Amino acid sequence: MYLFLKNFLFSEMCFVNVTIPNMLRIIWMDGANVSITGCIAQSYLFVSSGTTECYFLTAMSYDRYLAICNPLHYNRIMGHTLQYFLVIFCWMLGFLLTLITLSLLVMLKFCGRNVIDHYFCDLAPFVTIACSDTSALEIDIFVLTIPMAAVPFVLIIVSYVSICVVILRMPSIGNRTKAFSTCSTHLMVVSMFYGAVLINYFTPIRGNSVTINKFISVMFTVVTPLFNPIVYSLRNQDMHTVICSYIQRKKRL
């Protein structure tokens with residue numbers, strides 16, 4: 001679990017560093033100039049790191065499924081080989097799938113006053129300011145959302161339905177509480193992240209309000225990464241132990 005969590009948090013650091021510094025510069029300067037190449041690069045890295053996050057959330061849900069539904073076979077199934085395979089698979093698939101979108105972005109033509117009403121170069125603004133035909137890009141965004149977000153989301157739901165069935169069959173209330181506490185943190189993160197992503201990218205780009213698009217983007221680029229460390233820390237027993245020991249030392253002083 002910690003191997004997947006470390007890689008997930010690293011991908012989230014990449015995800016945040018692609019958007020937040022530029023957002024702060026735009027807010028501070030009340031607007032900023034970005035080259036087309038820089039905008040395309042930011043969009044590619046943003047989508048790639050976000051997709052990688054989706055895959056790591058799926059891997060973490062599978063890990064929880066094995067730990068709760070197949071505890072006796074957990075160490076045999078989730079060995080080092082499978083762990084490192086899943087980590088490499090998540091990183092490679094996240095950055096390779098979006099190469100199709102990157103190639104379509106590079107082919108777009110821009111003319112006139114290219115003003116993006118957003119705080120980073122998301123895919124939707126490209127569609128609104130491009131002079132050339134963007135139908136291929138719009139279809140690509142919708143189609144790739146299925147393997148990049150929808151399929152991982154379905155796999156996570158299936159994993160947690162199976163987990164809930166097993167938990168409800170446990171005779172002891174204490175065992176139910178302990179089993180649920182091991183996956184409740186991950187479920188909270190998945191709900192926040194996927195809720196915003198699916199709403200943002202599964203609706204038609206042309207019909208979306210710019211204000212709504214920006215608000216939803218803030219949810220999964222700023223709010224979710226802000227709460228993730230807090231959620232994982234507060235639900236972690238090791239963190240509880242460290243915080244309690246720190247409070248006790250302060251009281252003694």
Side-chain angles (χ1 to χ4, degrees), residues 11-55 57 94-95 97-150 152-153 192-226 228:
S11 66
E12 189 163 78
M13 285 173 60
C14 299
F15 184 72
V16 169
N17 285 321
V18 166
T19 55
I20 301 302
N22 197 46
M23 179 194 75
L24 295 175
R25 182 171 71 99
I26 290 170
I27 293 173
W28 180 259
M29 300 176 66
D30 196 21
N33 294 322
V34 182
S35 66
I36 295 294
T37 305
C39 215
I40 291 174
Q42 186 189 43
S43 185
Y44 169 71
L45 292 171
F46 166 75
V47 176
S48 299
S49 54
T51 304
T52 306
E53 279 193 61
C54 291
Y55 291 142
L57 286 171
F95 280 82
L97 268 180
T98 46
L99 286 175
I100 304 169
T101 308
L102 177 64
S103 62
L104 291 172
L105 287 174
V106 171
M107 292 167 62
L108 290 179
K109 291 184 175 142
F110 302 92
C111 53
R113 191 165 174 264
N114 299 318
V115 179
I116 294 178
D117 186 13
H118 214 300
Y119 64 89
F120 72 98
C121 297
D122 199 0
L123 292 172
F126 275 109
V127 175
T128 57
I129 67 170
C131 298
S132 55
D133 182 28
T134 59
S135 57
L137 179 61
E138 291 184 56
I139 294 170
D140 170 76
I141 293 170
F142 183 79
V143 171
L144 283 184
T145 304
I146 296 171
M148 290 162 63
F153 183 67
M192 289 190 296
F193 182 79
Y194 268 102
V197 169
L198 292 176
I199 291 171
N200 200 40
Y201 292 107
F202 254 121
T203 52
I205 293 175
R206 291 284 184 186
N208 265 0
S209 165
V210 176
T211 305
I212 294 173
N213 183 271
K214 286 192 288 186
F215 174 76
I216 297 172
S217 296
V218 168
M219 287 298 295
F220 67 85
T221 58
V222 179
V223 178
T224 304
L226 176 67
N228 279 351

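Note that the structure is a prediction, hence the values are computed from the model and not measured. The basis for the numbers below is simple: all heavy atoms, side chains too, and nothing from hydrogens, waters or symmetry mates.
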Sequence-distant partners of [X], side-chain contact (heavy atoms from CB on, under 4.5 Å), two or more places apart:
X: T98; value: Y44, V47, S48, T51, M148
X: I27; value: M23
X: V106; value: I40, L102

Original post:
Does the T52 side chain pair with the main chain of G94, one donor and one acceptor, at a distance under 3.5 Å?
Top reply: no
Subject >> S35 side-chain N/O to G38 backbone N/O, donor-acceptor pair under 3.5 Å >> reply: yes
Original post:
Can I129 and V115 be said to form a side-chain contact (heavy atoms from CB on, under 4.5 Å), step by step?
Top reply: CA-CA 7 Å; I129 67 170; V115 179; over 6 Å; no
Original post:
Mind checking what makes ring pair (Phe, Tyr, Trp, His ring centres under 6.0 Å) contact with F15, not counting sequence neighbours?
Top reply: F46
Original post:
What pairs with F153 under ring pair (Phe, Tyr, Trp, His ring centres under 6.0 Å), at least two apart in sequence or on another chain?
Top reply: Y194
Subject >> Contact list for residues 112-141, test disulfide (SG to SG under 2.5 Å), sequence neighbours left out >> reply: C39-C121, C111-C131
Original post:
Rounded to the nearest 0.5 Å, how far apart are OG of S103 and CG of L108?
Top reply: 10.0 Å
**OP:** Starting at CD1 of I20, measure out to CE of M13 and round the result to the nearest 0.5 Å.
**Re:** 13.0 Å
**OP:** Could you tell me whether the side chain of Y119 reaches within less than 4.5 Å of the side chain of L24, counting heavy atoms only?
**Re:** no
